[in-house]
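What you are looking at is a predicted structure, and each value in this text was computed from that prediction instead of being measured.
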Amino acid sequence: MSAPPQPWYMINGGRYEGVEPPYFDPAEHPWTRTLEDNWTIIRDEMLALLAGRAEKRLAPYFANDMYFPPNAWKTLGLYFWKYRIHRNCRACPKTTAIIEGIPHLTAASLSVLEAGSNINPHQGDTNAVIRVHLPLSVPEPLPRCGFEVKGVARSWQEGKVLLFQDAYTHFAWNQTDRRRLIMILDVMRPEFADRSNEVCANVLGSIALLYLYRRLRWLNRLPGRLRRPLHWISRTLFRVVIPVQRQLGRILIR
């Protein structure tokens, strides 16, 4: 008899109390070697992008209450819960080729944390993914520049992946005089790999509704019996749209 499917959880800003360790062991995930063996290629391509016009593609992280000072945390997205940002992927072909070799990849982006800034304590969207940090440029180790998950602080080491449970409360800081650059990836945990489309559609559906609730305040007055169908419609649309978007973009954007 096969084991029952493991549960995965939508966090939606609440506190997650799971059984996973705050950090995962890279040795248990062979695909991490792909990132570490090619980290200088990724770093050099990202630095070349930032030295050119692509600096303008960096956008402040949309949840601006999660960091301080304003505009201190910027990202350049390649994948977002399986939604492929074709224009950015085309701008960094070497990096894209490397990360697309990672099994069950759902997200990837360049993360820039400016000097003298913090990312506030927060929780991720679900426990179904392994969040990956591939440090590309780290100004200093702890205590001036670092990262903490569930009360456990770590320094980043350039070229060495850091894997953690994104659902736990975590935060970062860079109290140096230089930028910190990291490639962030999300990879589905093996036990949830066959449910990755479901997980991604649910997360995207929730994020889309959260955006609408912030823009259209009257939606917040809707009773729960009406909100649930909205989420069902939103996640169902993403289940349909994402595969089409990924394939159609590859054909039309060359």
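Taking a cutoff of 4.0 Å between a charged side-chain nitrogen and a carboxylate oxygen, R84 and E100 qualify as a salt bridge. Look at E198 and R239 and you find no salt bridge, because none of the NZ, NE, NH1 or NH2 atoms lies under 4.0 Å from a carboxylate O. A salt bridge links E114 and K74; the closest N-O separation between the charged side-chain nitrogens and carboxylate oxygens is under 4.0 Å. Under the 4.0 Å criterion applied to side-chain N and carboxylate O atoms, K94 and E45 are not assigned as salt-bridge partners.
Under the 3.5 Å distance criterion, with hydrogens and angles disregarded, a donor-acceptor pair is assigned to the side chains of R180 and S111. Looking only at atom types and distance, the side chain of N118 has a donor-acceptor partner in the side chain of Q175 under 3.5 Å away. Between T169 and K150, the side chains place no donor N or O within less than 3.5 Å of an acceptor N or O (distance only, hydrogens not considered).
Considering only heavy atoms from C-beta on, L163 comes within 4.5 Å of I130 through its side chain. You'll find the side chain of F80 reaches within 4.5 Å of the side chain of I207, heavy atoms only.
Seen from the ring of W31, R33 does not count as a face-on cation partner, given the 6.0 Å and 45° thresholds.
Under the 4.5 Å side-chain heavy-atom criterion for ILVMFWY residues, a single connected hydrophobic cluster contains both L47 and L78.
Between F164 and H133, a ring centre-to-centre spacing shorter than 6.0 Å is recorded.
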